[in-house]
Structures are given as structure tokens and as C-alpha cells.
Amino acid sequence: MSNNKSTEESNISYKIEGLAYEPLGMPTERVIRLNAKFSKNDPDYSQRQEIIRHLITPAELMHRTQKSSPFASAANPAKPNEQADIYAYSRKRMVKEQLIARGINDENVLRAMAAVPRHLFVNEALYPTAYDDRPLPITCGQTISQPYTVALMCQMLMAERGMKVLEIGTGSGYQAAVLREMGLKVFSVERIKELYTNTKSLLTTKLGYYDMQLFLSDGTLGLDLFAPYDRIIVAAGGPSIPEALKAQMTDNGIMLIPVGREKMAQNLIRVFKIGNTYREENLGTTTFVDLIGKQGW
């Protein structure tokens with residue numbers, strides 16, 4: 001092997017899904033050239049090239065190798081210049097008194113809820129109440145669900161690490177962060193542009209979740225581009241279950257969605273897809289904001 005080739009390959013610090021790139025970022029054109037060099041014999045090369053050209057920015061590529069939580073923990077201690085998490089005790093108490101005490105027993109869900117700093121997803125004036133057992137208002141007339149509701153829905157998904165989940169209604173981004181902390185591959189859709197922009201900035205720039213896929217679109221139509229999904233979770237209530245979402249479930253997939261003929265009053269429905277058939281299970285009454293869109297209200 002020549003010295004030039006050895007030097008060039010030593011500069012390539014990471015590979016993921018057949019993409020070779022440098023950790024400090026580079027122009028997209030160079031990423032494409034490296035992709036061509038290392039993956040020219042890959043049968044999925046053309047599709048991968050299109051995805052990187054249209055969906056992934058160089059800034060996001062810098063962080064695609066992130067696998068651990070961005071939040072401080074024993075395994076991932078805070079850096080010296082990071083502010084101490086003064087709400088760690090409140091979060092621990094929330095998990096014990098609001099979740100475990102009320103039947104949440106999925107260890108993966110409990111770990112995720114204990115890790116995600118809920119106070120960062122609401123207005124700073126509401127920080128002291130962020131871990132109370134109640135929903136809180138956010139921008140654009142929307143709400144962040146109470147911790148128990150988020151935990152219950154995540155547990156009812158019966159999800160396993162590595163599964164692909166579609167979330168309808170990104171909202172504050174809190175539930176998306178919990179799903180990501182559970183080890184799921186998160187695709188999330190929000191219809192309100194201001195909320196989408198603010199939440200994407202929070203999840204990526206501030207919290208380091210560059211491995212999420214966030215979209216501004218009509219959530220009632222799902223996200224057919226990346227279907228099917230192992231799990232679908234809907235954080236808004238509609239008059240019926242959108243056919244578009246049912247069609248995007250994988251075989252043995254599960255969907256959770258609030259459904260009700262009256263606005264702000266629904267039943268939480270769990271849908272199982274087995275082959276070409278669907279089975280519905282009513283998990284009880286609940287209250288969510290309205291599911292707005294072509295197949296919603």
C-alpha cells in the first residue's frame with residue numbers, strides 16, 4: 001500500500017451505513033466523492049447517495065455516530081463547563097412517585113424518563129412545575145402531555161430497541177426525546193411551522209439529537225417515504241384512525257392513537273396489524289389536542 005493511500009485512509013475517522021466522512025465536517029460534495037470511492041460496489045449506493053444529498057446536511061453528518069445519551073449520567077458525565085442539572089432530584093422523584101407508583105414497569109421507559117430533562121421543553125417560567133403530574137402549555141396553543149401519559153403511551157407501544165417509530169405531532173419534542181432515549185429510530189412529523197422550527201433547534205443544536213429525522217408536514221398522511229414503521233404513536237386526537245397511517249404499519253406493527261367523535265375527548269386506541277388485518281384495543285379515556293389534517297379534523 002502506498003504512503004499516500006495510507007495517509008488518505010487514516011484521515012477517514014468514521015464509517016456508517018457505507019458512508020465515509022470526517023468527524024469535523026466537510027462540504028457535501030466531498031462526502032459524495034468519498035461515498036463513491038468506498039461504496040461504488042454497494043447495490044444500494046444510488047439510493048444512499050440520494051438520501052445524503054437531499055436529507056442529511058454536513059452539520060448533521062458530524063453527529064451521526066452518536067449512540068449514547070447527550071445528557072449527563074454516570075456513564076456519560078457532564079463536562080466541567082456544563083451547568084449542573086438542578087432538576088435531577090425532581091426527575092428522580094417524578095419517576096418514582098408518578099410512574100412506578102402507577103404501574104409503569106418497563107425499565108427502558110423508566111430509564112428514558114429519568115434521563116430527559118423535561119424542564120427544557122417548556123418556557124423557562126414553568127421550569128419549577130415541569131415535573132408536576134400535569135400537562136403544561138407550550139407555544140402555538142399546544143401542550144406538553146403530563147409525564148404519566150407520555151410514559152404510559154411509550155410503554156403501551158411495546159417497543160424494542162432498534163425499532164423504527166413514526167411520531168405524529170412533534171410538539172415540544174419531549175416525547176420524541178424519550179423515544180430516542182429508549183433506543184428507537186425516531187421519525188417525527190409536525191404541522192405547525194413555528195413549533196417545528198423551534199423544536200428542531202432544541203432537539204439538535206441544544207440537546208445534540210442529530211440522529212432524529214424531523215419533518216414539517218400533514219401528520220394525518222404519515223410519512224410514506226420511509227414506511228413501513230414498526231411502531232406509530234400519535235400525540236393528537238382525531239375522529240377516526242387515518243387510513244394512511246394504517247397503511248404505513250409493518251406486519252406485526254403497533255399504533256397508538258387517541259380517537260373520539262368529540263374534540264378533546266377521546267379513547268386511547270392500540271392498533272395491531274397482523275398480515276392484512278387490524279385489531280383494535282381500547283385502553284381507556286384520554287384527552288389530547290385535535291389531530292388536524294386531511295384525514296383528521
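Positions are given from 1 along the sequence.
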Nearest atoms (heavy-atom pairs only) where [X] meets [Y]:
| X | Y | value |
| --- | --- | --- |
| Val122 | Ala130 | CG2-CB, 4.3 Å |
| Ser145 | Val150 | CB-CG2, 3.9 Å |
| Thr220 | Ile292 | CG2-O, 3.7 Å |
| Phe121 | Ala177 | CZ-CB, 3.8 Å |
| Pro258 | Leu268 | N-CD1, 4.1 Å |
| Asp133 | Pro147 | CA-CD, 4.4 Å |

Set out, in order, the CA-CA distance, both residues' side-chain angles and the distance that settles side-chain contact (heavy atoms from CB on, under 4.5 Å) for Thr129 and Arg134, then state yes or no.
CA-CA 9 Å; Thr129 62; Arg134 60 185 173 120; 3.4 Å; yes
Cation-pi between Lys246 and Tyr278: NZ/CZ under 6.0 Å from ring centre and within 45° of the ring axis?
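Verdict for Tyr278: a cation-pi partner in Lys246.
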Check whether NZ of the Lys or CZ of the Arg Arg118 lies under 6.0 Å from the centre of the six-membered ring of Tyr174 and within 45 degrees of that ring's axis.
yes
For the side chain of [X] and the backbone of [Y], is there at least one donor-acceptor N/O pair under 3.5 Å apart?
| X | Y | value |
| --- | --- | --- |
| Lys206 | Leu120 | no |
| Thr197 | Lys193 | yes |
| Asp218 | Lys294 | yes |
| Gln295 | Glu243 | yes |
| Asp251 | Gly275 | yes |

Is there a side-chain contact (heavy atoms from CB on, under 4.5 Å) between Val165 and Val186? Walk through the geometry before answering.
CA-CA 5 Å; Val165 59; Val186 180; 4.0 Å; yes
Give the ring-plane orientation class for Tyr127 versus Tyr87, where under 30° counts as parallel, over 60° as perpendicular and anything between as tilted.
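Perpendicular.
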Please check if [X] and [Y] belong to a single hydrophobic cluster, counting links between Ile, Leu, Val, Met, Phe, Trp and Tyr side chain heavy atoms closer than 4.5 Å.
| X | Y | result |
| --- | --- | --- |
| Ile168 | Leu221 | no |
| Ile100 | Met94 | yes |
| Phe226 | Ile254 | no |
| Ile104 | Leu157 | yes |
| Tyr131 | Ile86 | yes |

Supply the atom-to-atom distance [X] [atom1] to [Y] [atom2], rounded to the nearest 0.5 angstrom.
| X | Y | atom1 | atom2 | result |
| --- | --- | --- | --- | --- |
| Met153 | Ile257 | CE | CD1 | 9.0 Å |
| Thr287 | Gln146 | OG1 | CD | 9.5 Å |
| Asn252 | Arg231 | CG | CZ | 8.5 Å |
| Glu194 | Leu216 | CD | CG | 12.0 Å |
| Thr250 | Leu166 | OG1 | CG | 13.0 Å |
| Ile144 | Leu126 | CD1 | CG | 10.0 Å |

With a 4.5 Å limit on heavy-atom distance, are the side chains of [X] and [Y] in contact?
| X | Y | result |
| --- | --- | --- |
| Leu203 | Arg180 | no |
| Val95 | Lys92 | no |
| Ile138 | Leu195 | yes |
| Gln248 | Pro228 | no |

Before giving the answer on side-chain contact (heavy atoms from CB on, under 4.5 Å), spell out for Leu99 and Tyr148 the whole-Å C-alpha distance, their side-chain angles and the decisive distance to 0.1 Å.
CA-CA 6 Å; Leu99 307 185; Tyr148 174 73; 4.3 Å; yes
Going by side-chain hydrogen bond (donor to acceptor under 3.5 Å, both in side chains), name the residues that satisfy it together with Glu281, two or more places apart in sequence or in a different chain.
Arg270
Scan Gln142, Gln175, Glu190 and name whichever one has a side-chain contact (heavy atoms from CB on, under 4.5 Å) with Thr170.
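The passing option is Glu190.
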Could you walk me through whether Leu256 and Leu283 pass the side-chain contact (heavy atoms from CB on, under 4.5 Å) test, one step at a time?
CA-CA 10 Å; Leu256 280 176; Leu283 301 176; 3.7 Å; yes
Using a 6.0 Å cut-off, check whether atom CZ of Arg93 has over 12 heavy atoms from anything other than its own residue.
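No.
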Is the count of non-hydrogen atoms from other residues, nucleotides or ligands lying under 6.0 Å from Glu160 atom CD greater than 12?
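No, not enclosed.
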Set of salt bridge (charged side-chain N to carboxylate O under 4.0 Å, His left out) partners for Arg191, sequence neighbours left out
none
Distance-only side-chain donor-acceptor flag, Tyr209 / Glu181, under 3.5 Å
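Indeed, the side chains of Tyr209 and Glu181 share at least one donor-acceptor pair under 3.5 Å.
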